[in-house]
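All residue numbers in this chain count up from 1 along the given sequence. All of these numbers come straight from a predicted model, not from anything done at the bench.
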Amino acid sequence: MATDKQQRDILAGVSVVLVFAVVIVANLISDRVFKRWDLTAEGRYSLSEPFHRIVQGLDEPLKLTYYISDEVPAEFEVGKRDILDKLGEVKTASNGRILLEIVDPGKDPKAMQALIKENPQARVTLPSIQKDKKVLTSFVTAIRLTYKDNPTVLLPRVGSADGLEYMLASQITRLSLKEKPVIAVYYPPTRRGLPSQKPVEGFEWIANSPMALDEKYDKRQVHFVEGSSIPPNTRLLILIRPKNLSDRARYEITRYLAEGGRVMLIANPWDINLETGIVERATSRLEDDIRELGVSWVPAFVCDESNVPLLPRVKNMPGNISYYEMEPHPYFVKVQPQNVDQGGDNPITRFLPGLVMPYTSAFVVNDEKAKEAGFTIETLMKTSPRSWTTPLPQFLELNVSSKPPAKFDNPRPLFLKVEGQFPCAWDGKSPPAWPEADEDPNRKKEKPPAVTLAKQKGMLFLFPCPEAFHPFFLEQGLRDPQLRDEFQGNLTLLLNVAENCALGEELVNMRIKRYEVRAINKFDEEGGDKRRNLLKIAMIGGMPLLVVAFALAYWWMRRGAQVDYERTFAKTSGPSSFTS
């Protein structure tokens with residue numbers, strides 16, 4: 001018996017040593033190999049594949065420094081933990097390409113002052129409860145990115161892990177780019193606002209304001225004159241209400257498309273002067289080229305019962321009582337999310353909250369003609385089923401109203417994506433001369449040599465509402481300050497198109513990642529409620545039952561072993577102390 005006890009003690013000691021060894025080895029492996037199973041439908045706790053690809057582009061380690069105060073209000077404890085978890089996940093998944101440092105600036109007052117001086121927004125003040133009193137607590141939460149000899153980037157007020165992946169990927173992309181992607185913008189001359197409003201700039205703000213296109217891009221204005229055409233390596237060409245383009249400008253645009261370029265054409269068949277209210281017919285001279293693709297514009301205003309209330313209307317009640325009511329403005333079409341393509345294959349409009357399109361046109365799509373020409377046309381946005389058209393007025397009045405007809409139109413396309421091999425009428429021919437060459441009598445006119453295009457499939461985005469991107473609506477608003485918020489979807493659309501074309505789909509896929517759904521992905525399918533209830537029952541009652549079943553099985557095995565032991569030493573097959 002002593003020998004058996006000694007063997008059991010040795011076996012127990014060896015087991016304990018093995019358990020400790022397994023735990024140590026497991027921790028060492030987990031420190032080097034990261035793996036986590038994310039069962040949320042939207043991948044809340046996972047780094048996306050686009051993020052991994054962006055990090056793989058780093059040819060030297062990038063340093064992330066997270067400045068976070070050791071003591072933060074209780075309201076921020078969860079956010080702090082989530083941010084630290086996300087940063088730790090980023091570090092582990094980067095395989096050494098990202099170095100992480102956690103710094104408490106409160107331990108070094110000079111460093112704290114320098115950080116706040118660099119960016120005052122790095123300090124956050126939140127109300128908190130201390131000793132039954134409500135006090136304001138200040139702390140720091142900011143991230144610094146350091147890469148090579150580039151100027152460091154400081155991200156202040158990092159208050160949540162949601163969106164942190166896109167925020168980091170955006171800055172990593174900007175820091176790791178050998179050169180910024182070029183976005184060329186063509187727009188009409190400066191315009192003024194309404195007489196009662198402060199004069200505002202025209203569409204040139206898209207090329208100049210970080211509000212529209214941030215500093216990740218090299219934004220160039222083009223005029224389509226000699227020396228100011230589409231720059232080489234342009235990733236996206238934005239054309240805003242082009243008018244009476246010269247043959248040379250048409251050649252430059254169609255050649256760019258035929259050689260695989262990407263163009264966003266924001267235009268309709270008229271021109272609106274917001275200062276005078278005059279509405280004039282206008283042509284870009286690209287209409288025939290677009291019509292060959294199977295697309296044309298509706299030559300009228302498109303109205304919709306889904307619209308933004310614009311101007312207050314006085315309502316009178318008995319007793320000389322009056323109140324203001326916002327009057328629907330059918331010319332300010334509001335595109336609801338259900339009328340936007342939210343499909344998983346198209347990141348440009350996925351999760352888009354909707355747009356506001358003032359005085360918009362729409363498109364007519366000839367699918368058969370597009371198919372014959374070898375083009376695929378995708379409708380990314382449309383009006384509601386309760387829309388109609390109205391003729392163009394000579395003068396624009398903000399309080400103009402259009403009564404709904406007895407019969408509505410079918411939903412009309414408002415945003416198109418056209419892909420295919422675009423034609424160029426000058427392929428194999430001499431391109432047209434620049435306009436200035438014809439105006440210079442002393443310049444020797446020489447016929448340019450014929451050009452041969454390096455054809456590739458291109459991409460064309462068609463949007464029929466230039467006013468949707470006018471700063472008068474985007475930045476100023478019209479009497480109602482809430483109108484400015486209504487236009488935020490317009491900016492999101494512009495950013496999505498720019499990122500998709502200039503930087504690929506990686507960033508835009510991360511930026512549109514949402515964290516609203518908390519369900520396990522299998523619960524989103526049909527019958528998900530039953531599976532969810534079964535899982536709840538299993539978690540509440542199944543685990544105790546499993547423990548009881550394991551205990552019974554273990555007891556039964558121990559009982560059988562004891563019976564066999566007694567029978568062996570008693571040399572009998574009769575009853576044992578357990579069975580008698």
Side-chain angles (χ1 to χ4, degrees), residues 187 203 205-206 209 211-213 236 238-241 264-268 270 272 274 295 297-298 301-310 326 328-343 346-363 365 377-389 398 402 409-418 460-478 480-501 508 511-512 514:
Y187 46 82
F203 295 102
W205 74 280
I206 290 181
S209 171
M211 176 184 176
L213 299 173
L236 174 65
I238 301 177
L239 303 173
I240 307 175
R241 185 172 277 151
M264 184 174 185
L265 176 59
I266 307 171
N268 50 33
W270 57 81
I272 298 177
L274 291 179
V295 180
W297 282 266
V298 175
F301 279 149
V302 173
C303 299
D304 201 315
E305 280 199 344
S306 175
N307 58 72
V308 175
L310 187 61
M326 297 303 291
H329 199 294
Y331 293 97
F332 274 58
V333 175
K334 183 172 183 178
V335 185
Q336 301 289 353
Q338 62 266 26
N339 295 320
V340 177
D341 179 23
Q342 306 282 3
N346 173 49
I348 293 176
T349 52
R350 193 189 314 158
F351 298 132
L352 201 66
L355 290 88
V356 179
M357 303 177 68
Y359 310 111
T360 185
S361 178
F363 295 109
V365 179
I377 300 179
E378 188 177 356
T379 299
L380 303 180
M381 195 180 301
K382 58 187 177 182
T383 63
S384 78
R386 300 177 67 84
S387 62
W388 68 96
T389 59
L398 289 178
S402 177
D409 296 337
N410 292 324
R412 293 182 177 272
L414 292 174
F415 184 37
L416 300 177
K417 177 184 176 182
V418 186
L460 174 64
F461 296 94
L462 295 172
F463 192 82
C465 184
E467 267 60 47
F469 302 107
H470 200 287
F472 179 70
F473 301 113
L474 290 177
E475 295 180 322
Q476 304 263 337
L478 289 174
D480 179 12
Q482 294 182 353
L483 186 62
R484 182 173 58 254
D485 298 330
E486 297 276 8
F487 279 83
Q488 291 306 304
N490 300 29
L491 280 175
T492 302
L493 176 66
L494 189 64
L495 287 169
N496 286 353
V497 172
E499 285 191 349
N500 184 77
C501 294
V508 69
R511 185 152 59 83
I512 61 178
R514 294 296 179 88

*Applying side-chain hydrogen bond (donor to acceptor under 3.5 Å, both in side chains), name anything that partners Thr383, two or more places apart in sequence or on another chain.*
Ser387
*Not counting sequence neighbours, which residues clear side-chain hydrogen bond (donor to acceptor under 3.5 Å, both in side chains) with Lys334? List them please.*
Glu486
About how many Å separate [atom2] of [Y] and [atom1] of [X], when rounded to the nearest 0.5 Å?
X	Y	atom1	atom2	result
Tyr359	His329	OH	NE2	4.0 Å
Leu352	Asn339	CG	CG	12.0 Å
Phe461	Leu416	CZ	CG	11.0 Å
Phe332	Ser306	CZ	OG	14.0 Å

Which pair of non-hydrogen atoms, one from [X] and one from [Y], has the smallest distance, and what is that distance?
X	Y	value
Asn500	Pro347	OD1-CG, 3.8 Å
Leu380	Lys417	CD1-CB, 3.9 Å
Val335	Lys382	CG1-O, 3.6 Å
Val302	Ala362	CG2-CB, 3.7 Å
Asp304	Arg386	OD1-O, 3.2 Å
Arg241	Pro466	NH2-CG, 3.6 Å

Counting distance only, does the side-chain N/O of [X] pair as donor-acceptor with the main-chain N or O of [Y] below 3.5 Å?
X	Y	value
Thr349	Asp341	yes
Asn490	Phe469	no
Asn496	Ile348	yes
Gln336	Ser384	no

Does the side chain of [Y] come within less than 4.5 Å of [X]'s, by heavy atoms?
X	Y	answer
Pro464	Met357	yes
Trp270	Ser361	yes
Leu239	Ile266	no
Pro330	Trp388	yes

*Should the ring pair Phe463 and Phe415 be called parallel, tilted or perpendicular, given that the plane angle runs from 0 to 90° and is split at 30 and 60?*
perpendicular
_Test ring-ring contact (aromatic ring centres under 6.0 Å, His included) applied to Phe363 - qualifying residues, sequence neighbours left out_ = Trp297
